[in-house]
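Comments concern the structure below.
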Amino acid sequence: MADITLTLPDGASRSYPAGITAGEVAADISTSLAKKAVSATYDGAHWDLAWPIEADGALAINTMKDDGPALELIRHDLAHIMARAVQSIWPDVKVTIGPVIENGWYYDFDRAEPFTPDDLGAIEAKMKEIINARDPVRTEVWDRPRAIAHYEELGEPYKVELIEAIPGDEPLRMYWHGDWQDLCRGPHLQHTGQVPADAFKLMRVSGAYWRGDSSRQMLQRIYGVAFRNRDDLKKHLTFLEEAEKRDHRRLGREMDLFHMQEEAPGQVFWHPNGWTIYTALQDYMRRKQRAGGYREINTPQVVDRKLWEASGHWEKYQHHMFIVEVDESRDGENDDASAKNRAETRINALKPMNCPCHVQVYNQGLKSYRDLPLRLAEFGSCARYEPSGALHGIMRVRGFTQDDAHIFCTEEQIEEECARFIEFLAAVYEDLGFPTFEIKFATRPEKRVGTEESWDYVENALEEAIRKTGRTYTLEPGDGAFYGPKLDFYLTDAIGRVWQCGTFQVDPNLPERLDANYIGADGEKHRPFMLHRACVGSFERFIGILIEEHAGRMPLWLAPTQVSVCSIVSDADDFVHEAVASLQAAGLRAEADIRNEKINYKVREHSMAKVPVILAIGQREVENRTVTVRRLGEKQTQTVPLDELITSLTEEALPPDLKARAATGTA
RNA sequence: GCCGCAGUAGCUCAGUGGUAGAGCGCACCCUUGGUAAGGGUGAGGUCGGGAGUUCAAUCCUCCCCUGCGGCACCA
């Protein structure tokens with residue numbers, strides 16, 4: 001057998017007979033390495049120590065110190081160990097799949113009885129037993145018929161289906177942990193004892209459809225998290241606790257921002273505090289849009305189904321629309337005969353989106369190519385009957401308002417408008433505290449309308465527009481709408497969750513369906529393109545993100561109450577009122593607290609309410625017309641003249657766009 | 001929509017087959033206190049909604065609603 005040459009990370013080369021396993025190489029290097037080894041990296045591929053190597057290449061032996069491979073292996077082996085534990089407790093449970101995910105793994109089971117929290121404890125205990133048994137991991141390659149026959153005999157129909165779905169007739173890899181066996185791509189650890197027994201935790205059980213298909217069997221999924229050591233696990237659990245404290249639903253209640261109730265599921269009752277944030281954000285967007293060349297409009301909420309039929313939404317989204325039937329015979333209360341002669345009910349829908357209405361505005365009066373691009377913006381309130389299970393605080397709701405706009409333009413103008421929009425959105429995100437975002441570019445799907453030339457042109461225009469802004473994107477092939485490609489813009493919040501907010505979508509379809517046109521330079525009628533775009537997306541969701549990003553400590557310009565003015569002694573009450581009046585006259589949101597409470601108590605309360613600036617006024621301040629300032633989260637205080645404070649706070653509390661303007665104005 | 005869990009005072013939660021309790025908050029009183037909880041007294045509940053079992057249901061059973069964690073969905 002021919003020799004092969006393997007290059008090790010230190011640059012040394014070693015020769016071995018072809019077919020040597022990575023584990024044998026590790027043993028050849030040193031016995032301690034062979035013991036510590038968890039896997040190998042062979043020519044960039046994650047390689048099981050038991051797999052043979054047949055050709056020259058670069059080989060590195062991984063140990064638990066290599067966090068990428070180690071975590072992958074720990075989580076993957078735990079998935080198998082959990083499945084084995086479950087089947088050893090409940091032998092009739094059917095196994096399916098168990099992939100590694102962020103921070104851990106899950107495994108889907110088919111079992112008639114639901115898993116209870118107690119069951120999770122039992123499974124965890126059994127898993128620890130398996131780990132402590134240090135069962136060697138063994139692997140073999142089988143052909144398909146043998147594997148299928150094997151699983152049919154075992155009564156594991158899901159495994160049979162998985163094998164049948166694997167394309168081609170490549171051989172299949174089997175793994176054993178002790179006597180338990182699973183179909184698996186690998187790699188795996190050397191033995192179960194390499195998994196740290198104190199660094200994992202089963203988190204929850206939930207339902208999941210087999211193969212992600214809602215028409216198929218609902219399985220039970222158990223999620224676990226795992227790390228290399230106990231400390232990392234603890235850190236992760238602490239992080240989850242911190243994340244819970246930032247939950248916008250919790251902060252919404254604690255800060256008295258909004259509430260929701262069962263009479264209006266998925267819809268927000270904004271309280272004065274929350275609405276202050278909302279309107280501050282909306283005012284900001286309104287100014288930005290004006291400056292960005294948009295004209296603001298407003299369109300009806302309740303619209304006859306005829307328009308939704310014409311736009312195509314009725315056919316596709318009827319079940320997600322709030323339908324409003326109006327008994328029109330009420331009009332004819334005094335004239336029964338004429339009422340009966342008419343259709344008695346008229347069917348309307350609450351608008352689920354603004355675009356058809358915007359086309360109606362566009363369609364009023366004849367448009368010239370000189371009118372294009374025409375940018376129509378609306379803070380459009382929409383209602384969508386979202387599935388009950390999709391609702392999530394104010395992030396996913398049934399009633400929401402978008403910073404929606406539609407740009408009517410020619411094909412040649414798409415690229416320029418797209419580039420303009422990306423710059424616009426980047427500036428807004430920067431102002432709102434999100435300097436980085438991700439662009440996903442969704443291209444033509446399999447089912448689509450329009451010519452290939454048109455798709456080529458439009459996709460190319462978007463790509464060129466992104467290139468011009470110097471940004472990068474990830475491609476999502478086939479994810480575009482049936483009529484055009486789109487860009488989606490994603491933000492990552494402070495706890496690492498990713499949210500889609502902005503969108504930019506090219507649509508030649510709706511102008512066609514709703515017969516929008518313009519007169520070109522050639523004197524002929526032409527069809528405009530319509531660009532759907534949103535920047536913050538839904539205000540509800542965006543405010544939810546802002547709350548969680550800032551853990552409720554909103555930047556000064558967005559804070560519901562910007563300044564709380566507290567008396568220390570009741571003799572200071574008059575000056576407190578005077579200070580509040582002056583702050584309010586300067587446009588600041590200030591409130592007095594002259595309650596009969598100690599200053600400690602007041603500071604604690606306003607701190608917990610996350611008021612950015614707390615002022616204390618006692619005898620000394622009254623005498624000197626000063627205030628003692630304590631910034632949220634800081635221990636030190638500073639005593640300054642009231643007038644000075646008002647000047648600096650007024651400047652500081654300007655929204656980002658006005659602050660920038662003020663800065664360039666004085667420069 | 002699907003699977004699972006939950007719903008008791010404004011909030012967080014305890015509790016029992018004989019119609020309820022704590023802490024915080026709230027109101028009032030005492031306290032005028034210098035930067036994250038001063039003390040006292042008091043009010044506050046159709047125990048998510050409906051039906052059933054029972055002499056008796058907040059508790060047991062069924063249906064519904066809402067929420068939570070996932071899955072599916074997201075024009």
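Chain naming here is simple, since letters A, B, ... match the order of the sequence lines and numbering starts at 1 in each.
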* Assign A:Met260 to base, sugar-phosphate, or nothing according to its heavy-atom contacts below 4.0 angstrom with the strands shown. => nothing

* Expected output: side-chain A:Glu124 to main-chain A:Lys201 donor-acceptor under 3.5 Å -> no

* Between B:U35, B:A72, B:C71, which nucleotide has the shortest distance from any of its atoms to the side chain of A:Arg221? -> B:C71

* To do: Look through every strand shown and name the nucleotide pairing with B:A75 as Watson-Crick or G-U wobble, where both distances are under 3.5 Å.
  => none

* A:Glu621 near the nucleic acid: base, sugar-phosphate alone, or nothing, with a heavy-atom cut-off under 4.0 Å? -> base

* Structure fact -> Checking N1-N3 plus N6-O4 or O6-N4 for Watson-Crick, or N1-O2 and O6-N3 for wobble, each under 3.5 Å, the partner of B:U58 is none

* Structure fact -> For B:A14, the nucleotide meeting Watson-Crick or G-U wobble distances (both under 3.5 Å) is none

* To do: For B:G7, give its Watson-Crick or G-U wobble partner with both distances under 3.5 Å, or none.
  => B:C65

* Establish, with yes or no, whether the OP1 or OP2 oxygen of B:G38 is under 4.0 angstrom from a side-chain nitrogen or oxygen of A:Arg604. => no

Which pairs would a plain distance check flag for residues 234-243 of chain A, meaning a side-chain donor or acceptor within less than 3.5 Å of a matching protein atom at least two apart in sequence or in another chain?
residue  : atom : partner  : partner atom : Å
A:Thr238 : OG1  : A:Lys234 : O            : 2.8
A:Glu242 : OE2  : A:Lys245 : NZ           : 3.2

* Structure fact -> As its Watson-Crick or G-U partner within any shown strand, both distances under 3.5 Å, B:U19 has none

* To do: Using only side-chain N and O atoms of A:Tyr223, determine if any of them is under 4.0 Å from OP1 or OP2 of B:C71.
  => yes

* Determine the contact category for A:Ser206: base if any of its heavy atoms lies under 4.0 Å from a base atom, sugar-phosphate if only primed atoms, P, OP1 or OP2 are that close, otherwise nothing. => base

* Given B:G70, B:A36, B:U32, the nucleotide with the shortest approach to the side chain of A:Lys635 -> B:A36

* So what does A:Pro265 hit on the nucleic acid, given a heavy-atom distance under 4.0 Å: a base, only sugar-phosphate, or nothing? -> sugar-phosphate

* To do: Assign A:Arg630 to base, sugar-phosphate, or nothing according to its heavy-atom contacts below 4.0 angstrom with the strands shown.
  => base

* Base, sugar-phosphate alone, or nothing: which one does A:Arg249 contact when heavy atoms must sit under 4.0 Å apart? -> sugar-phosphate

* Minimum-distance nucleotide (side-chain atoms of A:Tyr209 versus B:U32, B:A72, B:G69) -> B:A72

* Which of parallel (below 30°), tilted (30 to 60°) and perpendicular (above 60°) describes A:Phe109 and A:Tyr107? -> parallel

* Take the protein atom CD of A:Glu244 and the nucleotide atom C1' of B:C68, then report the distance between them rounded to whole Å. => 11 Å

* Tell me what A:Thr628 touches on the nucleic acid: a base, only sugar-phosphate, or nothing, going by heavy atoms under 4.0 Å. => base

* What nucleic acid atoms does A:Pro114 come within less than 4.0 Å of, heavy atoms only: base, sugar-phosphate, or nothing? -> sugar-phosphate

* Asked: Looking at A:Ser388, does any N or O in its side chain come under 4.0 Å of the phosphate oxygens OP1/OP2 on B:G1?
  -> yes

* Base partner of B:G42, which must satisfy Watson-Crick or wobble distances under 3.5 Å -> B:C26

* State whether A:Tyr601 places a side-chain N or O below 4.0 Å from either non-bridging phosphate oxygen (OP1 or OP2) of B:G25. => yes

* Asked: How long is the line joining CG of A:Leu391 and C1' of B:G67, in whole Å?
  -> 10 Å

* So what does A:His392 touch, heavy atoms closer than 4.0 Å: a base, only the sugar-phosphate, or nothing? -> sugar-phosphate

* Cation over ring, A:Arg111 on A:Phe115, under 6.0 Å and within 45°? -> yes

* **Partner nucleotide of B:G34 by Watson-Crick or wobble geometry (both distances under 3.5 Å)** => none

* Asked: What does A:Gly212 touch in the nucleic acid at a heavy-atom separation under 4.0 angstrom: a base, only the sugar-phosphate, or nothing?
  -> sugar-phosphate

* Asked: Looking for any heavy atom pair under 4.0 Å, which part of the strands does A:Gly393 touch: base, sugar-phosphate only, or nothing?
  -> sugar-phosphate

* To do: Run through A:Arg448, A:Glu512, A:Gln505 and flag the one making a side-chain hydrogen bond (donor to acceptor under 3.5 Å, both in side chains) with A:Tyr483.
  => A:Gln505

* To do: Using a 4.0 Å heavy-atom cut-off across all strands, classify A:Phe115 as base, sugar-phosphate, or nothing.
  => nothing

* Looking across every strand, which nucleic acid part, if any, lies under 4.0 Å from A:Gln619 by heavy atom: base, sugar-phosphate, or nothing? -> base

* Asked: On a whole-Å scale, what distance lies between the C1' atoms belonging to B:C63 and B:G23?
  -> 36 Å

* Does the gap between the ring centers of A:Trp499 and A:Tyr490 come in under 6.0 Å? -> no

* Closest nucleotide among B:U66, B:C3, B:A75 to the A:Glu262 side chain -> B:U66

* Structure fact -> Picking from B:A36, B:G34, B:C68, the nucleotide nearest the side-chain atoms of A:Arg553 would be B:A36

* Given the rule in the side chain to side chain contact (heavy atoms under 4.5 Å, CB included) test, do A:Thr299 and A:His358 qualify, once you have shown the distances and angles that lead to the verdict? -> CA-CA 7 Å; A:Thr299 61; A:His358 284 199; 4.0 Å; yes

* **Any A:Arg253 side-chain nitrogen or oxygen under 4.0 Å from OP1 or OP2 of B:G10** => no

